[in-house]
There are 2 protein chains.
Amino acid sequence: MARIPAPERRAALVQAALRVVSQRGIAHATTRAIVAEAGMSLASFHYAFDSRDELIDELITTVVAREQEAVLPDDLQGHDIRDMLEAGLLRYFEHLRADPEHEQAMLELTQYALRSPERHPLAVAQYARYTELGARSLSAAAELAGVVWSTPVEQVARVLIAFTDGLTLTWLVTRDDDVAQAVAHAAADALSRMAEPR
Amino acid sequence: MARIPAPERRAALVQAALRVVSQRGIAHATTRAIVAEAGMSLASFHYAFDSRDELIDELITTVVAREQEAVLPDDLQGHDIRDMLEAGLLRYFEHLRADPEHEQAMLELTQYALRSPERHPLAVAQYARYTELGARSLSAAAELAGVVWSTPVEQVARVLIAFTDGLTLTWLVTRDDDVAQAVAHAAADALSRMAEPR
DNA sequence: ACTGAAGTGGGACGATCGTCCCAGTCGCAT
DNA sequence: ATGCGACTGGGACGATCGTCCCACTTCAGT
């Protein structure tokens, strides 16, 4: 086996863990499954990490920090704020359809974090991050559409996150594209009503 | 230990399993944890059930079948369809606040079922049941409000389920009552727009 | 009262988990 | 080249998992 410095090994293990969680669920993300995916030995695992819990914590932190602005991207298109919101939500839906396992993994990691008091802050941080990204996109959209949010934009963002969560969960179970599009349409409708002309 | 016929023991074990999953998560719902909660011995478990998987399957089936019409109850109140929908969603939210662990358990069971091909149908059935309950309530609400759904009521119900899912997930993480109420308000807004005067 | 089936208790099995140990090997600074 | 610290491989530990076995007790039907 090639000799790899510990910091790089940590990153490689986190990546391998994400693949395992995505493909088989967090319950199957054992230390042995992770090192097998990474092509290492168990000793390398505990040389890079003190414990499996430490790896999971870093996995959550890393994956949250890496989260991009999938919802409501830069090239906002549409006639008015409602169209722009719907286009953004549909684009998120495409992202979900392209890699369902990743979103399912995120969902499982959230639930996992929710179950232990010391990990709960990680889940809260995850949603804070989502809110931040959502608020940024919502601000940009309002700017382009020439409207202002009548509610604080962070509040609007939290509602947006709730809607995308619901869309994600429902589609992961039913795989019903029509319903997902209907949800996107209805959500854009409701959100656009929280804005008013500038 | 009192002698209990196997069918009753099955029911008692399912109840105990639900309590364990609610309080500690499905990962901690081991056979030993379940029989301890039920006050039985391990032998009684495998006398009533062939395997732990069989118990979990019956738990999901039971808990889904027992699910009541928490969303949009009988005593629908409000001036118009929008008010009625918001009142119903807020009532669901009260139900969520009263027993968060139960909804968290439902969420975990869904995710668990989603992870194995042979259990996937259980998750789909769970959502079919939700849709059925939602459609019934939506029909009743439309009747009282003197409107008709311009989209098939099952479709509206599926959107409603997505919204309640999102509300649930977000609130379970953030415990932010204000956001939950904003979500309920926005969701009622969007849903009411899928109805038209009769 | 007797008998067979139904239900119970406790201990044990093999598998797998997270973690650890330690002898060995590689690479870099000197 | 050489020594030392960084890294690796394999095997092992105790704990816990799901499941099983078997001797035992209780109850219902006769």
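Computed over heavy atoms, backbone and side chain alike; hydrogens, waters and symmetry mates excluded. Note on naming: letters A, B, ... go to the chains in the order of the sequence lines (proteins, then strands), and numbering restarts at 1 for each one. Computed from a predicted model, the values in this text were never measured in an experiment.
- The residue A:T31 sits close to a base: some heavy atom pair falls under 4.0 Å.
- A sub-4.0 Å separation between OP1 or OP2 of D:dT19 and a side-chain N or O of B:H46 is present.
- Distances were taken from every side-chain heavy atom of B:Y47 (C-beta onward) to each of C:dA6, C:dG18, C:dG27; the shortest belongs to C:dA6.
- Across D:dG18, C:dG9, D:dA6, the shortest atom-to-atom separation from the side chain of B:T30 is found for D:dG18.
- Summarising the geometry, the separation between CD on B:E54 and C1' on D:dG18 is reported as 14 Å, rounded to the nearest angstrom.
- Residue A:S44 is classed as a sugar-phosphate contact, given heavy-atom separations below 4.0 Å to backbone atoms only.
- Checking D:dC7, D:dA12, D:dC27 against the side-chain heavy atoms of B:R3 singles out D:dC27 as nearest.
- For the pair B:P7 and A:S51, both in contact range of DNA chain C, the more 5′-proximal nearest nucleotide belongs to B:P7.
- Minimum interatomic distance between B:G134 and B:A157 (heavy atoms only, all atoms of both residues): C-CB, 3.9 Å.
- Put simply, CZ on B:F49 is 14 Å from P on C:dG7, counting in whole angstrom units.
- Spacing between atom CG of A:D53 and atom C1' of C:dG18 amounts to 10 Å, rounded to whole angstrom units.
- For the pair A:R32 CZ and D:dG11 P, the computed distance is 13 Å after rounding to whole Å.
- Counting heavy atoms from C-beta on, the side chains of A:L133 and A:I161 never come closer than 4.5 Å.
- A straight line from CZ of A:F45 to P of C:dG18 spans 8 Å, rounded to a whole angstrom.
- Taking the side chain of B:L42 as heavy atoms from C-beta on, and the options C:dG9, C:dG18, D:dC20, the nearest nucleotide is D:dC20.
- Distance from the side chain of B:R52 is smallest to D:dT19 among D:dT19, D:dC7, D:dG10.
- At whole-Å resolution of the value, CD1 in A:I4 and P in C:dG27 are 12 Å apart.
- If you check D:dT19, D:dC21, C:dG7 against the side chain of B:A43, the one that comes closest is D:dC21.
- With hydrogens and angles disregarded, a donor-acceptor distance shorter than 3.5 Å links the side chain of B:E108 to the backbone of B:I26.
- Between A:H28 atom NE2 and C:dA15 atom C1' the separation is 14 Å, expressed in whole Å.
- Across the protein-nucleic acid pair, B:E8 atom CD and D:dC27 atom C1' stand 14 Å apart, rounded to whole Å.
- Considering B:T131, B:T151, B:V153 in turn, B:T131 is the only one that fulfils the side-chain contact (heavy atoms from CB on, under 4.5 Å) rule with B:R158.
- A donor-acceptor contact shorter than 3.5 Å is absent between the side chain of A:T110 and the backbone of A:A123.
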